[in-house]
Amino acid sequence: MMKSSKPAERVGMIVVGAGFGGMYAVHKFREMGHDVVGIEAGGDVGGVWYWNRYPGARCDLMSVDYSYGFSDEIQQEWTWSEQFAAQPEILAYANFVADRLDLRKSFRFETRVTSAIWDEAEKIWRVTTNKGDVLEAPFCIMSTGPLSVPKDPEIDGIDRFKGRILRAQKWPHEKIDFAGKRVGLIGTGSSGIQIVQEVGRQAGELFVYQRTPSWTLPMRNHDLDDAYVKEMKRHYPAMRAAMKMNPTGGTRPVTTRPFFSLPPSQRRDVMEHAWQDGGHTFLAAFSDLLSNQEANDQVADFVREKIGEIVDDPKTAEALKPRGYPIFARRPCLDTEYYETYNLPNVHLKDCLTDPIVEITENGIRTEDGETELDVLIFATGYDALTGALLAFDVVGRDGRTLKEKWQGGPRSYLGLMMEGFPNLFSTCGPNGPAALANIISISENDVDWIADVTTHMASTGLASIEPTLAAEDRWMKIVAELAEKSLVRKANTWWVGTNVKGKPTGLTMFVGGFNKYREYCEAAKQNDYADFSFQ
Ligand code: N01
């Protein structure tokens, strides 16, 4: 651990991260009168949207959902231009909010936390940074994000490559010119798919190295017209209230209709409509796609059929069809003419399942079948998700116990918000909450508000520290595990279950019961007089 020569600064609250969770936390606690310091590794606000500037980067949640609801002024003043906003517009929105609330003055940018250590005698968190800062505060909120630690592919020879390497998760700020270039892309998750559909239309040649094909559905994005925006703004308050009651934390309708409750021809009509409608309409069409394997299989067959209809070359079409894991068990991607891109003569699919990558060479990528020369190599190989950011530095709780020790077998917490043994440490969008399965801005707002209530309760009762009891944490983890057991989500190899990182404990540790239920649990934890916590 780095020793600092700077004197320690005592503040009221430390917030780590300037993504949507951290930005709201800084605002909320400042409003409550706390002296708040935010720490952020990036050069400005925006979190994942600050870093992910690759061509085609876009959110697959509707812009009206993927925005703050805590301030009616802000939602009335800001106008979204598209149904699904692109990265520049989302980053502009984050900047707009930061300007509007004057958030930047509370953040230290380009600063990384190197350790966070609980001092039991003083009842404070002592946080050190790579700039030598030492901050002390009774409370610390980790808004470090579920997808903030990039992961390179585990392939030999990366350092050898003489061309340019670009990473989706840390994309350069300047525009990259792909014209006439031979480009290789590794990874076909949400990021890779978005890159293919853009770079495939710009590059001289694009070689897409696909290991596991992802399921992707048409986004059918469109501009929002003035009348729609006006109507939406009129209904924002009711919409935000409804989002709190929705399992997705968004406005997507939910249904109680199981797949097999309809006769076959009607099922087909509903699937066709969902495909034409675009977005995540499938998930709103049937209630049991993540619990009934047979229903899931039929939707999977339907989508495979569509891929076959779109892609001209039958061998490429076959390789693009996902098999062996349920549809929606990996994060379903939304695309704009992704499959159509493979009909372009300069776009080539390299199927790593039949022809695995052997190594990266000076000049390109060598698979078992031979070497392909490349000028540019793009990694869209995902993240050490959910737990990566919090395990990237030392977090030391009561009695010197580290988070690495506590999470040796996988993440454990109460509600994804707090952990036994780590008093006064909170996280937003923590790994045992609904994290990646619901609207992350809705979860962040819920979590920050919950933390605010807890600290208000402590102030009014003169309590210095709070942590959940081990029994409460065990009970929550049992609820999480029992729900996970019933869900098809655990049946695919993904960052959701940790199988994408070598040596990481695997298992579905997110709460799959829906955002609305999660909120109920959070409410109950406060309502029963904080019986699940021990205080000092
Ligand atoms: O990462 P991923 P992502 N050789 O982990 C492949 C959110 N997001 O950045 O599956 C060959 O999904 C790997 O292959 P495999 C969203 O929540 C949202 O794309 O391990 N391939 C996989 O194909 C999303 O789920 C949006 O076989 C290798 C890919 O890399 C999450 O971020 C946009 C490899 C990684 O896919 C993460 O998505 C972007 C190797 N050695 C992201 N190593 C939107 O809102 C890895 N891969 C639209």
Side-chain angles (χ1 to χ4, degrees), residues 19 47-49 51-63 65-66 83-87 90 145-158 167-171 184-198 207-217 219 221 250 279-280 320 322-325 328-336 338 349-360 365-367 377-386 388 429 434-441 489 492-502 504 506 510:
V48 79
W49 301 103
W51 298 105
N52 281 244
R53 295 161 188 256
Y54 60 80
R58 188 178 287 284
C59 187
D60 60 9
L61 294 183
M62 290 191 294
S63 43
D65 290 4
Y66 195 77
Q83 175 90 317
F84 295 94
Q87 177 271 342
I90 301 172
L147 293 162
S148 50
V149 178
K151 191 195 149 285
D152 273 358
E154 283 141 8
I155 302 173
D156 286 343
I158 293 177
R167 291 174 172 81
Q169 322 92 329
K170 288 267 156 79
W171 199 265
L185 166 80
I186 302 179
T188 50
S190 301
S191 308
I193 281 173
Q194 292 187 326
I195 293 170
V196 167
Q197 64 202 21
E198 290 291 321
F207 300 87
V208 183
Y209 291 83
Q210 170 194 270
R211 191 162 61 188
T212 309
S214 293
W215 298 99
T216 171
L217 303 165
M219 179 177 264
N221 196 17
H280 287 122
L320 284 167
R323 296 192 190 278
Y325 70 94
F328 307 118
R330 273 160 89 96
R331 167 103 184 171
C333 311
L334 297 183
D335 70 87
T336 303
Y338 171 70
L349 183 68
K350 296 281 205 177
D351 181 358
C352 302
L353 294 178
T354 56
D355 179 23
I357 296 175
V358 177
E359 61 175 348
I360 293 172
I365 293 182
R366 195 157 68 77
T367 62
L377 191 45
I378 302 175
F379 296 153
T381 40
Y383 298 84
D384 180 357
L386 300 170
C429 292
L437 300 170
N439 181 349
I440 208 154
I441 299 187
V489 164
N493 289 330
T494 62
W495 64 266
W496 282 357
V497 295
T499 47
N500 66 326
V501 177
K502 221 185 234 168
K504 188 167 174 163
T506 56
M510 283 186 286

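Just so you know, ligand 1 is whichever comes first in the structure, and atom 1 is the first atom listed for that ligand. Keep in mind that the numbers below use all heavy atoms, side chains included, and drop hydrogens, waters and symmetry copies.
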Closest approach of Gln210 to Thr188 (non-hydrogen atoms, all atoms of both residues):
CG-OG1, 3.5 Å
Using only atom types and a distance under 3.5 Å, with no angle test, would you say the side chain of Asn221 pairs donor to acceptor with the backbone of Phe84?
yes
Does atom CG of Asp156 have more than 12 heavy-atom neighbours, drawn from other residues, nucleotides or ligands, at distances under 6.0 Å?
no
Does Tyr54, backbone or side chain, put an N or O under 3.5 Å from an N or O of ligand 1?
no
So, is Gln194 polar-close to ligand 1, with some N/O to N/O distance under 3.5 Å?
no
Test side-chain contact (heavy atoms from CB on, under 4.5 Å) on Ile378 and Trp171 and set out the steps.
CA-CA 10 Å; Ile378 302 175; Trp171 199 265; 3.9 Å; yes
Atom 45 (O) of ligand 1: which protein heavy atom is closest, and how many Å away?
Asp60 N, 2.9 Å
Backbone N or O of Asn493 within a donor-acceptor pair of the Arg330 side chain at under 3.5 Å?
yes
Give me the atom names and distance for the closest heavy-atom approach of Lys151 to Val501.
CD-CG2, 3.6 Å
Using heavy-atom distances, let me know which of Ile193, Leu437, Thr381, Ile360 sits nearest atom 46 (C) of ligand 1.
Thr381
Ligand 1 versus Leu147, non-hydrogen atoms closer than 4.0 Å: side chain, backbone, both, neither?
side chain
Between Tyr209 and ligand 1, does any nitrogen or oxygen pair lie at a separation below 3.5 Å?
no
Please work out which of Arg331, Gln87, Arg211 has its closest non-hydrogen atom nearest to atom 43 (N) of ligand 1.
Arg211
Could you identify the single nearest non-hydrogen protein atom to atom 23 (O) of ligand 1 and state the distance to 0.1 Å?
Thr188 N, 3.0 Å
Quick test: of every protein heavy atom, which one is nearest to atom 25 (O) of ligand 1, and how far off is it to 0.1 Å?
Trp495 NE1, 2.8 Å
Proximal atoms of ligand 1 relative to Cys59 (non-hydrogen, under 4.0 Å):
45 (O)
Where Tyr383 and Ser148 come nearest, the two heavy atoms and their spacing:
CD2-N, 3.8 Å
Give the residue and atom name of whichever protein heavy atom lies nearest to atom 8 (N) of ligand 1, and the separation in Å to one decimal.
Ser190 CB, 3.8 Å
re atom 44 (C) of ligand 1, the protein heavy-atom contact at minimum distance is Arg58 O, 3.2 Å
So is there a nitrogen or oxygen of Tyr383 less than 3.5 Å from a nitrogen or oxygen in ligand 1?
no
Atom 6 (C) of ligand 1: which protein heavy atom is closest, and how many Å away?
Gly187 CA, 3.6 Å
So does Pro356 get a backbone contact from the side chain of Thr367, meaning a donor-acceptor N/O pair under 3.5 Å?
no
Among Leu353, Ile186, Asn493, closest by any non-hydrogen atom to atom 11 (C) of ligand 1:
Ile186
Given that the side chain starts at C-beta and the backbone is N, CA, C, O, which of these parts of Leu334 lies under 4.0 Å from ligand 1, counting heavy atoms, or is it both or neither?
neither
Nearest-contact summary for atom 1 (O) of ligand 1 - protein heavy atom, Å
Gly382 CA, 3.2 Å
Where is the nearest protein heavy atom to atom 36 (O) of ligand 1: which residue, which atom, and how far?
Gly189 CA, 3.6 Å
Please check this pair: side chain of Gln87 against backbone of Gly56, looking for a donor-acceptor N/O pair closer than 3.5 Å.
no
Pull out every atom of ligand 1 sitting under 4.0 Å from any heavy atom of Ile155, numbered as shown with elements.
41 (N)
I'd like to check atom 13 (C) of ligand 1 in this structure: does the protein have a heavy atom lying under 4.0 Å from it?
no
Would you mind reporting whether Arg58 and Thr336 have side-chain heavy atoms less than 4.5 Å apart?
no
What part of Arg330, side chain, backbone, both or neither, has a heavy atom within less than 4.0 angstrom of ligand 1?
side chain
Could you see which bit of Trp49 sits under 4.0 Å from ligand 1, with heavy atoms only: side chain, backbone, both or neither?
neither
Can you find a heavy atom in the side chain of Leu377 that is under 4.5 Å from one in the side chain of Ile360?
yes
Side-chain contact, heavy-atom cut-off 4.5 Å: His280 with Asp60?
yes
Side-chain donor/acceptor of Lys504 to backbone N/O of Trp495, under 3.5 Å
no
Non-hydrogen side-chain atoms of Leu61 and Ile441 separated by less than 4.5 Å:
no
For residues Glu359 and Ile155, report the shortest heavy-atom separation together with the two atoms involved.
CA-CG2, 3.9 Å
Any heavy atom of Cys352 closer to ligand 1 than 4.0 angstrom?
no
Region of Gln169 that comes within reach of ligand 1 [heavy atoms, distance under 4.0 Å]:
neither
Check the pair Arg167 / Phe379 against side-chain contact (heavy atoms from CB on, under 4.5 Å), numbers first and verdict last.
CA-CA 5 Å; Arg167 291 174 172 81; Phe379 296 153; 4.1 Å; yes
Using a strict 4.0 Å cut-off to heavy atoms of Thr212, name the atoms of ligand 1 that fall inside it.
10 (O), 15 (P), 27 (O)
Among Gly192, Ala435, Ser191, closest by any non-hydrogen atom to atom 42 (C) of ligand 1
Ser191
Examine the proximity of ligand 1 to Ala380 and report which part, side chain or backbone, both or neither, has a heavy atom under 4.0 Å away.
backbone
